[in-house]
Q: 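Before I ask anything, let me first share the structure, which is written out below as structure tokens.
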Amino acid sequence: MSLDPVIAAIVEKSNESPALSDGTPAESRSRLALGRAGIGSGPDMHSVSDQRVSCRGGAIRTRIFTPSDDVDGIILFLHGGGWVLGAIEDFDTYARALAAYSNCTVVLPDYRLAPEHRFPAGLQDAKDVLHWIADNRGALAAENAPLVIAGDSAGGNLATVVARHTIGDIDIALQVLYYPVADCNFETVSYKTHGTGLPLKSRDMEWFFSHYAPRDQWMNSDIAPLRSTDLSGMPPAIIVVAEYDVLHDEGVAYGEKLRNAGCVVTQRTGHGLTHGFIRLHNLCEPTLTELRTVAQEIRQACAGNLADRAI
């Protein structure tokens, strides 16, 4: 289908501005920050607090969104931005909405970014914050609260790699991956079809990869999880790709690979949508519908996980 009208207007406007990969990482971070006001605000929370979470690379700022005094679970959300861009403030609105609709505490860490902190710094932070959540579950929700790990784009990449690393160690009820970076192949059909003229360009992805890790490491399964040789034992997954996105094909392929490894996978496409759409729920009805859908799926996964524990 054609681009959603709201998305089409955003794309037209974005094409008047520099690409994500134009300039330095600091300049691109500043441009991303300028867009915060345009996405609107999120709902009020029962409580919001910033904490310093000790990780192996040092303490990192982490924001905790609690929507009610009786939450259903805990979501670790890892933001996108190609491992180079993004901050808590860029995803505050989305984290509030996700918390409100899912009735889960959302934990949003300011993990270290490249190129100042290259691979595996961000991955280490994500793993360490997950362990911190598991150790402090009772303070964030209830002692038996289910854990969900989620992320978009590079955050989806980190989320699924962390899920693989913690098999048999931490019980994860669900992984939610929005248009995840799953591979380093810039020759897929979706790269060739959608590599120009959209908010995320093929040259942007090559720029992100070059900042994140040396080229000879790109096929490492901790960077390109589609290259993983063993995905057995992974938690159930929800993978949502955007129709107009260079990452479309690898997201679909990763879902198929998880399914072939025995993982329960729910996979769907955001038709008429582009990369980065999840933050636009205040502006775009299909994005709001997707938010409500995934929030309900998270609630169901949390309820099922609690029932299993009670048996």
Q: Any heavy-atom pair between the side chains of Arg56 and Lys127 that's under 4.5 Å?
A: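 Side chain of Lys127 against side chain of Arg56, heavy atoms only: contact under 4.5 Å found.
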Q: So for atom CD, which belongs to Glu89, do other residues, nucleotides or ligands contribute more than 12 heavy atoms lying within a distance under 6.0 Å?
A: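 Buried by this count: over 12 neighbours within 6.0 Å.
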Q: Checking Asn260 side chain against Glu256 main chain: does a donor-acceptor pair fall under 3.5 Å?
A: yes
Q: Taking Arg63 for its side chain and Asp50 for its backbone only, find out whether a donor-acceptor pair lies under 3.5 Å.
A: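 No, the answer is negative, given that no donor and acceptor are paired below the 3.5 Å cut-off.
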Q: So does Thr62 get a backbone contact from the side chain of Gln51, meaning a donor-acceptor N/O pair under 3.5 Å?
A: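 Pair absent, no side-chain N/O of Gln51 close to backbone of Thr62.
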Q: Of Asp128, Leu147, Val53, which is the lone residue that meets side chain to side chain contact (heavy atoms under 4.5 Å, CB included) with Ile133?
A: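 Of Asp128, Leu147, Val53, side chain to side chain contact (heavy atoms under 4.5 Å, CB included) with Ile133 is met by Leu147 alone.
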Q: To check you understand the geometry: which heavy-atom pair defines the closest contact between Ile149 and Ala159, and what is its length?
A: CD1-O, 3.6 Å
Q: Can you hop from Leu247 to Leu78 via hydrophobic side chains spaced under 4.5 Å?
A: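 Looking at the clustering, Leu78 is in the same group as Leu247.
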Q: Taking atom CG of Asp44 as the centre, report whether more than 12 heavy atoms of other residues, nucleotides or ligands fall under 6.0 Å from it.
A: no
Q: Using 30° and 60° as the class boundaries, would you call the ring planes of Tyr179 and Phe277 parallel, tilted or perpendicular?
A: perpendicular
Q: Let me check something: do Val181 and Phe208 share a hydrophobic cluster, defined by ILVMFWY side-chain heavy atoms less than 4.5 Å apart, either directly or through other members?
A: yes
Q: Taking the side chain as every heavy atom from C-beta outward, state whether Met45 and Pro67 have any atom pair closer than 4.5 Å.
A: yes
Q: Please identify which of these residues, Val106, Leu140, Thr66, Ile64, meets the side chain to side chain contact (heavy atoms under 4.5 Å, CB included) condition with Ile74.
A: Leu140
Q: Tell me, yes or no, whether the heavy-atom count around Arg215 atom CZ, taken from other residues, nucleotides or ligands under 6.0 Å, exceeds 12.
A: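 No, the 6.0 Å shell around CZ holds no more than 12 heavy atoms from other groups.
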Q: Of all heavy-atom pairs between Cys184 and Met219, which one has the smallest distance, and what is that distance?
A: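 Taking every non-hydrogen atom into account, SG-CG, 3.6 Å.
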Q: Test side-chain contact (heavy atoms from CB on, under 4.5 Å) on Tyr191 and His248; report intermediate values, then the result.
A: CA-CA 8 Å; Tyr191 259 101; His248 173 279; over 6 Å; no
Q: Do Phe65 and Cys104 have side-chain heavy atoms sitting under 4.5 Å apart?
A: no
Q: Please walk me through it: do Gln175 and Thr160 pass side chain to side chain donor-acceptor pair (under 3.5 Å)?
A: CA-CA 7 Å; Gln175 53 177 323; Thr160 198; 2.8 Å; yes
Q: Any donor-acceptor pair under 3.5 Å linking the side-chain atoms of Asp125 with those of His117?
A: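 Distance-only check fails for His117 and Asp125.
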Q: Indicate if Val107 and Tyr111 have the same hydrophobic cluster label, given that clusters are the connected sets of ILVMFWY residues with side-chain heavy-atom separations under 4.5 angstrom.
A: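 Yes; Tyr111 is reachable from Val107 via cluster members.
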Q: If you define the side chain from C-beta out and look only at heavy atoms, does anything of Arg96 sit under 4.5 Å from Val48?
A: yes
Q: Looking at every heavy atom in both Asp230 and Arg164, which two are closest together, and how far apart are they?
A: O-CD, 3.9 Å
Q: State yes or no: do Val240 and Leu76 share one hydrophobic cluster built from I, L, V, M, F, W and Y residues joined by side-chain heavy-atom distances below 4.5 Å, directly or via other members?
A: no
Q: So which atom in Asn144 and which in Arg137 form the shortest heavy-atom distance, rounded to 0.1 Å?
A: C-CD, 4.2 Å
Q: Contact between Leu280 and Ile10 at the side-chain level, heavy atoms closer than 4.5 Å - yes or no?
A: yes
Q: Give me each pair satisfying side-chain hydrogen bond (donor to acceptor under 3.5 Å, both in side chains) with a member in residues 196-205, each pair once, sequence neighbours excluded.
A: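 Residue pairs passing side-chain hydrogen bond (donor to acceptor under 3.5 Å, both in side chains), neighbours aside: Ser21-Arg203, Ser21-Asp204, Asp22-Arg203.
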Q: Given Ile278, which partner from the list Val294, Leu98, Leu291, Asp152 fulfils the side chain to side chain contact (heavy atoms under 4.5 Å, CB included) test?
A: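 Only match with Ile278 under side chain to side chain contact (heavy atoms under 4.5 Å, CB included): Asp152.
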Q: Under a 4.5 Å cut-off applied to non-hydrogen side-chain atoms, are Leu3 and Glu243 in contact?
A: no
Q: Could you tell me whether a side-chain N or O of Asn15 sits under 3.5 Å from a main-chain N or O of Gly197, the two making a donor and an acceptor?
A: yes
Q: Which pairs count as ring-ring contact (aromatic ring centres under 6.0 Å, His included) when at least one residue sits in residues 223-245, sequence neighbours excluded?
A: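 Residue pairs with at least one partner in residues 223-245: His194-Tyr244.
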Q: Tyr94 vs Leu108, test: side-chain contact (heavy atoms from CB on, under 4.5 Å). Steps then yes/no.
A: CA-CA 10 Å; Tyr94 175 74; Leu108 178 63; over 6 Å; no
Q: Do Arg292 and Thr289 pair up side chain to side chain, a donor and an acceptor below 3.5 Å, judged on atom types alone?
A: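 No, no side-chain donor-acceptor pair sits under 3.5 Å.
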Q: Any ring-ring contact (aromatic ring centres under 6.0 Å, His included) involving residues 118-157? Give me the pairs, sequence neighbours left out, ordered by first then second residue.
A: Phe119-Tyr212
Q: Got a sec, which hydrophobics cluster with Leu226, joining ILVMFWY side chains under 4.5 Å apart, including via others?
A: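 Members besides Leu226, by chain and number: Ile167, Leu177, Leu231, Met234, Ile239, Val241, Val252, Tyr254, Leu258, Val265.
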Q: With no hydrogens and no angle check, is any side-chain donor or acceptor of Ser14 less than 3.5 Å from a backbone partner on Val11?
A: yes
Q: So Pro25 and Leu113, do their side chains get closer than 4.5 Å, heavy atoms only?
A: no
Q: Report the C-alpha separation of Glu297 and Arg268 in whole Å, then their side-chain angles, then the decisive distance to 0.1 Å, and conclude whether the salt bridge (Lys or Arg N to Asp or Glu O under 4.0 Å) test is met.
A: CA-CA 13 Å; Glu297 290 169 328; Arg268 57 180 172 266; 2.8 Å; yes
Q: Please work out which of the three classes, parallel, tilted or perpendicular, describes the rings of Phe77 and Phe91, given edges at 30° and 60°.
A: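 Because their plane-to-plane angle lies in the 30° to 60° range, the rings of Phe91 and Phe77 count as tilted.
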Q: Which atom pair, heavy atoms only, marks the closest approach of Val161 to Ser221?
A: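 Here Val161 and Ser221 meet closest at CG2-O, 4.1 Å.
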Q: Starting from Val264, walk the hydrophobic network (Ile, Leu, Val, Met, Phe, Trp, Tyr; side-chain heavy atoms closer than 4.5 Å) and list everyone else you reach, by chain and number.
A: none
Q: Test of understanding: with side chain to side chain contact (heavy atoms under 4.5 Å, CB included), list the residues that count as partners of Leu32, not counting sequence neighbours.
A: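 Per chain and number, Leu32 pairs via side chain to side chain contact (heavy atoms under 4.5 Å, CB included) with Leu85, Asp90, Arg279.
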Q: Identify whether Leu200 and Trp83 are in the same connected component of the hydrophobic contact network (ILVMFWY, side-chain heavy atoms under 4.5 Å).
A: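 Same cluster: Leu200 reaches Trp83 through Ile, Leu, Val, Met, Phe, Trp or Tyr contacts under 4.5 Å.
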Q: What heavy-atom pair brings Gln267 and Gly251 nearest, and what distance separates the two atoms?
A: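 Closest approach of Gln267 to Gly251, heavy atoms only: NE2-O, 3.0 Å.
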Q: Report the distance from atom NE2 of His211 to atom CD of Glu116, rounding to the nearest 0.5 Å.
A: 9.0 Å
Q: Between Ser30 and Glu27, is any pair of side-chain heavy atoms under 4.5 Å apart?
A: no
Q: Between Asp183 and Arg227 (side chain of the first, backbone of the second, donor and acceptor by atom type, cut-off under 3.5 Å), is there such a pair?
A: no
Q: Does Ser228 offer a backbone N or O that forms a donor-acceptor pair with the side chain of Lys257 under 3.5 Å?
A: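 Confirmed, Lys257 side chain pairs with Ser228 backbone.
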Q: Measuring from atom CZ of Phe209 to atom CH2 of Trp218, what distance do you get when rounded to the nearest 0.5 angstrom?
A: 7.0 Å
